Amino acid sequence: MIRNKKTKDEIIRYSLSRRKFLGLTAAGAGAAALATSGFDKLQAYAAEHGQVVKTTIENGEIYSLCEMCVWRCGLVAKVRDGKITKLEGNPNHPHSRGKLCPRGQAGLGVTYDRDRLKWPLIRAGKRGEGKFYKVTWDEALDYVAERMLHIKEKYGPQAMIFSTTHNMLQQQFENLLGAFGSPNYGTQRSLCFNAMITANMLTYGFEEPGRDYNNTSYIIYAGRNMMEAISNSETQDLVEALSKGAKVVVLDPRFSKTAARATEWLPIRPGGDLAFFLAMIHDIIKNNLYDKEFVAAHTFGFDKLKQEVEKYTPEWAEAQCDVPAATIRRIAHEFAVASPRAFAHPNWRTSNFVNSFQTQRAIAVLNAIIGNWDKLGGQCPVFGEGEGVELGRVPQPPYPRTAALRLDGVPWKHPLVPLKLGIFQNIRDAILSGKPYQAHGWFIYRQNPLNSIPERRKTLQAFAKMDFIATIDVIMNDTAYYSDVVLPEATYLERFDPLAVVEGDVYIRQPAIEPLFDSKPGLWIFKELGKRLGLGDFFNYKDEEDYLRAQLKPLPVSLEELKKKGRYAPPKEGDKEKAVGIFHTSTGKIELASTVLERLGHKSVPHWQEPPRPGDNEFYLLTGKVALHTQFFTQNNEYLSDLFPENPVWINSRAAQERGIKNGDKVIVESRVGKV
Amino acid sequence: MAQKRFAFVIEIERCIDCKACMVACTVENNVPVGHHRNWVKQIGPKGTFPILGMSFEPGNCMHCENPPCERVCPTGATYRRDDGLVMIEQDKCIGCKYCIEACPYDARYFNEKTGTTDKCTACVHRIYNGEEPACVATCIGDARHFGDINDPNSNVSRLLATNDYYRVYEEAGTSPAIYYIFKGGRKA
Ligand code: SF4
Ligand code: SF4
Ligand code: SF4
């Protein structure tokens, strides 16, 4: 019992059911059983609880931004009689071009999900029992503030961990943690693309170079399933490039839909991509197929690279990656001939394996030596996220200094990892070991660490060591279920978020309807919590619109205008900065041999790193993406789970035959860390 | 102006099987979850490892010129309009399901809530308002197209003028109004 104040509170029970993922146990009978659309079900549920689902906006078309994944496509929400009836892609947004992917189309399913969080909740039973008191916002926020301040006083601000994932409020969440004074921040970054970003930073001094699909004639993907892990505009670009005749080669152990639609699929051993790319570099250099002028003018460390890759012959690579040497030679030749209208994509899944950093470096270097930088059909300099327009800020004092070491070991143990990226997994280990100090509280904003950090058991153990866990989300996911306080945020179709800048233009996320039930926008929640933590100065805005007005202050556009069109495009000063010859590395060139790695005592050029191989009766367990789901937050969406209800395991057909496993059979997959 | 004749043209090789078209249709037309007015058929994988092929054939009601569904409808609820669209007048439908049996494309379903059959209407409420059908508007691969094949300048006419195409079950004599373009790339 963590709270003694009330006894007559309504207690709500949740259950984690396997098939439905999550559902209210007290399934509404009567009206709810007859209702067929999500909205009807929600309305029926509301009626049973003496609530009315109502909105103030009656009719119209509202320009806003999708949040079904991180691509943030522009959308147009059609509202009829206070109800969102349909979402369309905004034709004037570069990420959507008038189209939404299946998840984006299913966005209504989030807002009108009968299982969405409706009221602030405080745990009533044991952790993980699923019993919560329904409370008011005042009660919930007072309680969260009290617990956080208690931890701060007793153990210092560093004892509170904050974590969130990629979203438009991430900056404001970081504001909360900065103001609170904790250095411990866990994000999606280390679970996703650390290796890719770090490798590109060390090679080009850019996080991720852009790619010119419009003019390309050759693309190599390794671990980027572009047709199922949809990044709307980039996926559209790929289909268009293919139809214009570009050759697309896909390295993937799985026959994904991208592999199916590509020109050539090369099934490859997991982790073998590194050998493949090293052999390509070997072959291109050996046959003098690289761009000598470009290499001489814009790169650093070519001789070292040449020396290192000497031994990486295609024959050697074949033994590591299972792609025939002759094929590697042919692809290297084709790629070099197609250059500079060719690129090897930096990918995603080549960022998660033990040798991924070297793989990413090899890809970056391969692109560099064919001289595709800032060439038609090759790689191109692009604006980073949020770059291109200087937005205004809400005035606030500087953050308090944080003296404590970071629990993730960055940079004191891991100097190469960019501060911004961090290593989330290490925070969990530090909680378990209590070293260098013990953390006591965890504040989670729309993230699901129980599901998203591998080895759930460990995360549960880490949770058990916490005195206090608070979660803000839109649905009772696994993490919220194990929390002490759960705060219901308004869904993305019901709230303002800080402005988004894309390719030098400003876009707005704005409510299509008022928040349903007692859910509140994140900007409001952070402000109210900040106030109660004695950090009101850091949240110096009246309300969400006031915050956006401050952001718009330097620009000649009013919030009202922006709301109407959804977009503000400031006049562009000439061409965007051409980056040829300007690389933000210490040599100012593309570093084939990295000076930073050298300085830190590592080998400076990409080199082979042997990935582990499975033993007898063992397999690699790979995860992939499907077009109908985004990570762990779409499984309760009725439109999406209707079309993709289960997450089947794929197994090599020969291995399956040997074990007498047939399609549709149930199997148990076991590893050192667990069993499903 | 010549009489309109609406048709779908689908470029097989551009479909990535994302099913945005199916979700869009469900939401746009309030199709009960679990039923669908449109589909994406997977063809394959075929071939011998590692040279495998797989492609995707999106579809929906073919708005046949000779619709068997219309012939079997006892009440005249199903009818063909002058613009080529085959429609169901919901008020007249008695839910006998003959049309569901008669359709060679399996394009119809029975809506338990309304007690009538339902199928693709080519989003007729959108197309006369300057919008494309929901599935076409959001097609990520730009595989689905819709327009008037009697207008030589329409996008569909131009696609048909410059490409080979096939139609499904032509032998049934239905003369379907979905034209599939396949250029000869990888298809299972
Ligand atoms: S890619 Fe899909 S889910 Fe992601 S923002 Fe765009 S429409 Fe939404
Ligand atoms: S596809 Fe089926 S439902 Fe559509 S018109 Fe032809 S026969 Fe009728
Ligand atoms: S939206 Fe287009 S690309 Fe996606 S499945 Fe449908 S037809 Fe294919």
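If you're wondering where the values come from, they're calculated on a predicted model, not measured in any experiment. Below, chain A is the first sequence line, B the second, and so on; all start at residue 1.
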- [ ] Output the option from A:K86, A:E88, A:M226, A:E228 having the highest count of non-hydrogen pairs under 4.5 Å with chain B.
- [x]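 When all of A:K86, A:E88, A:M226, A:E228 are compared, A:K86 has the most.
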TODO: Count the heavy-atom pairs under 4.5 Å between each of A:C101, A:G104, A:G98, A:G89 and chain B, then report the option with the highest count.
DONE: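 Top count of heavy-atom pairs under 4.5 Å with chain B: A:C101.
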Supply the atom-to-atom distance [X] [atom1] to [Y] [atom2], rounded to the nearest 0.5 angstrom.
| X | Y | atom1 | atom2 | value |
| --- | --- | --- | --- | --- |
| B:K19 | A:F644 | NZ | CZ | 8.5 Å |
| B:H35 | A:D642 | NE2 | CG | 10.0 Å |
| B:I51 | A:E264 | CD1 | CD | 7.5 Å |

Counting only non-hydrogen atoms closer than 4.5 Å, does [X] touch chain A with its backbone (N, CA, C, O), its side chain (CB onward), both, or neither?
| X | result |
| --- | --- |
| B:V40 | neither |
| B:C21 | neither |
| B:E112 | neither |

Heavy-atom side-chain proximity of [X] to [Y] below 4.5 angstrom:
| X | Y | result |
| --- | --- | --- |
| A:V239 | B:I16 | yes |
| A:K257 | B:F56 | yes |
| B:V27 | A:L87 | no |
| B:E13 | A:L242 | no |

Task: Donor-acceptor pair, side chain of A:K99 and main chain of B:C139, under 3.5 angstrom - done: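 Between the backbone of B:C139 and the side chain of A:K99 there is a qualifying donor-acceptor contact (under 3.5 Å).
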Open item on the list: Under a 3.5 Å distance rule, please check whether A:R261 uses its side chain to pair with a backbone N or O of B:M54 as donor and acceptor.
Closed with: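 Side chain of A:R261 to backbone of B:M54: a pair is present.
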So, for [X] and [Y], which heavy atoms are closest and what is the spacing to 0.1 Å?
| X | Y | value |
| --- | --- | --- |
| B:F49 | A:P267 | CZ-CG, 3.6 Å |
| A:Q236 | B:I140 | CG-O, 3.3 Å |
| B:C18 | A:P102 | O-CG, 3.1 Å |
| A:F255 | B:P45 | CE2-CB, 3.7 Å |

Which bit of [X] is near chain B, if near means a heavy-atom gap under 4.5 Å: side chain, backbone, both or neither?
| X | result |
| --- | --- |
| A:L100 | both |
| A:T85 | backbone |
| A:E240 | both |

Looking at [X], I want to see if its [atom1] is surrounded by more than 12 non-hydrogen atoms of other residues, nucleotides or ligands under 6.0 Å.
| X | atom1 | result |
| --- | --- | --- |
| B:D164 | CG | no |
| B:Y98 | OH | no |
| B:E101 | CD | no |

- [ ] Could you tell me which of B:D142, B:D17, B:T26 has the largest number of non-hydrogen atom pairs under 4.5 Å with chain A?
- [x]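 Maximum pair count with chain A is reached by B:D17.
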Open item on the list: Determine whether A:L640 and B:V23 satisfy the following criterion, side-chain contact (heavy atoms from CB on, under 4.5 Å), listing intermediate values before the conclusion.
Closed with: CA-CA 8 Å; A:L640 299 176; B:V23 179; 4.3 Å; yes
Task: Donor on one side chain, acceptor on other, A:Q105 and B:T138, under 3.5 Å - done: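 B:T138 and A:Q105 do have a side-chain donor-acceptor pair below 3.5 Å.
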Task: B:E131 with A:K78: basic N within carboxylate O range, under 4.0 Å - done: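 Salt bridge between B:E131 and A:K78, a charged N being under 4.0 Å from a carboxylate O: yes.
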